[in-house]
Structures are given as C-alpha cells and as structure tokens.
Amino acid sequence: MKQQHDTRSGNAPLSQEQLEAMIEQYFDCKLSDDDERRLRCELASTTFSSETIDEARFTMGFLSMGMARTQARREPAPRWHKSWMRVAAAAAAVALVVSAGLYVTRMATTPPDACYAWVNGHKVSDDKVVMRMIQRNFDDIDRASSSIDDHMMQQLQSMGKALDADEN
C-alpha cells in the first residue's frame, strides 16, 4: 500500500506496524510532545487503516481518513465578514433586550395567582376547570406509569426464569 507523506517534516513515513506501536505509546501516555505532534501528522496523512489507527484518529479528532492536516494555514476572514459578524452580534443583543422587556412587561400585567390553561386555542381561566384538567393529566400519567411498572416486572420475571433455567 502506498503511503502519502509530507516531506517538509524531514521524517520518513512510518510503516503500519510503527504507526500502531506509536499509537500504543500514545494511549500509554509515553510520547513526548514532539512525538505526539508527529503522530497527529501521520494520522492525518496516512492511508493505512486498522481498528487501532481508526480509534486513534477518532480520539485525536480525525473523524475521517485522509483528513487535511490540522496545521494548514487558514486565510484570514475577509473584512466584510468581520463587519457582518459585528452587525449580527448587535442585532442579537437588541433582540435579547427586546425579548426580555416584553417578558417583564407581560409578567407585570399577569396577576400572580392567575390559573389558566390554553385548550384548542381558547383560554380557560376557571380555576376549578383548570385544576380538574391537571388532575386528569396526572391520573393519565399515573395509569401509564403503573402499566409500565407491570410490563417491566413481567419482563424482569421472564428474564429471571430464563437465567434460572440457564444455570440448571
């Protein structure tokens, strides 16, 4: 298998066995900083693939084979991009302040003891009706919880029987 390699580093490409040995040292925390940088470069440029190499790629952030080097220089963002980000940040700040103001205004106009519910787009403000609706919802949840408890108990009992039969 042909191995791609960056000749600027001055190091010869590693064989698959050497690469896997270096990965083993990495996971054992036995690599120097320079060796770890070299391992990252090798993982970014190697065409070798094995469970060990793929695990190291995943651990080090290389989620796909043949990923471009992480040390590659990026061009600075164009000037218009920076100004766009400032405008977006300012717009987000204004939206946050307006939202907070509306929330505080609405909370100030709603009585603290108000009990209401929205049902099919209509506001129900009768406390007794709303409380009955809440109680019905809790009853539904309780019934569903009991049903799940019964089902889980049946599953656990059947698993226990299977395990007992397996031991005999």
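What you are looking at is a predicted structure, and each value in this text was computed from that prediction instead of being measured.
No continuous path of ILVMFWY side-chain contacts below 4.5 Å connects Leu163 to Met153, so the two sit in separate hydrophobic clusters. Using a 4.5 Å cut-off between side-chain heavy atoms of Ile, Leu, Val, Met, Phe, Trp and Tyr, with links allowed through other members, Val129 and Trp118 fall into different hydrophobic clusters. Hydrophobic clustering (side-chain heavy atoms under 4.5 Å, transitive across Ile, Leu, Val, Met, Phe, Trp, Tyr) groups Ile134 together with Ile141. Taken together through direct or relayed side-chain contacts under 4.5 Å among Ile, Leu, Val, Met, Phe, Trp and Tyr, Phe138 and Val124 form part of one hydrophobic cluster. Val104 and Leu96 fall into different hydrophobic clusters, where Ile, Leu, Val, Met, Phe, Trp and Tyr side chains are chained together by heavy-atom contacts under 4.5 Å.
Salt bridge annotation for Arg38-Asp35: absent, with no cationic side-chain nitrogen under 4.0 angstrom from a carboxylate oxygen. Using a cutoff of 4.0 Å between basic side-chain nitrogens and carboxylate oxygens, Asp34 and Arg37 are scored as salt-bridged. Taking the charged nitrogens against the carboxylate oxygens, Asp139 and Arg136 have no contact shorter than 4.0 Å, which rules out a salt bridge.
In this structure, CE on Met131 lies 11.5 Å from CG on Asp126, to the nearest 0.5 angstrom. Atoms CD and CG, on Gln157 and Asp164 in that order, are 11.5 Å from each other to the nearest 0.5 Å. Between the OG atom of Ser45 and the CG atom of Leu14 there is a distance of 9.0 Å, given to the nearest 0.5 Å. The CG atom of Leu31 sits 10.5 Å away from the CD atom of Glu24 when rounded to the nearest 0.5 Å. Residue Ile23 holds its CD1 atom at 12.0 Å from CG of Asp28, rounded to the nearest 0.5 Å. To the nearest 0.5 angstrom, Met22 atom CE is 9.5 Å from Glu36 atom CD.
A donor-acceptor contact shorter than 3.5 Å is absent between the side chain of Glu20 and the backbone of Glu17. Proximity of a side-chain donor or acceptor of Thr105 to a complementary backbone N or O of Gly101 within less than 3.5 Å is detected. Side-chain atoms of Thr46 never come within 3.5 Å of backbone atoms of Leu43 as a donor-acceptor pair (strictly under, hydrogens ignored). Remark: the backbone N or O of Glu55 is paired with a side-chain donor or acceptor of Thr59 at under 3.5 angstrom.
Side-chain contact check for Leu39 versus Leu19: some heavy-atom pair is nearer than 4.5 Å. Contact of the Gln18 side chain with the Ser15 side chain is registered, since non-hydrogen atoms from C-beta on lie closer than 4.5 Å.
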From CA spacing to verdict: side chain to side chain donor-acceptor pair (under 3.5 Å), Gln154, Asp150
CA-CA 6 Å; Gln154 290 172 355; Asp150 293 342; over 6 Å; no
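Taking both residues in full, the closest heavy atoms of Ala117 and Met133 are given as CB-CE, 4.2 Å, listed atom of the first, atom of the second, then distance. For Ser50 against Gln16, the heavy-atom pair with the smallest separation is CB-NE2, 3.6 Å.
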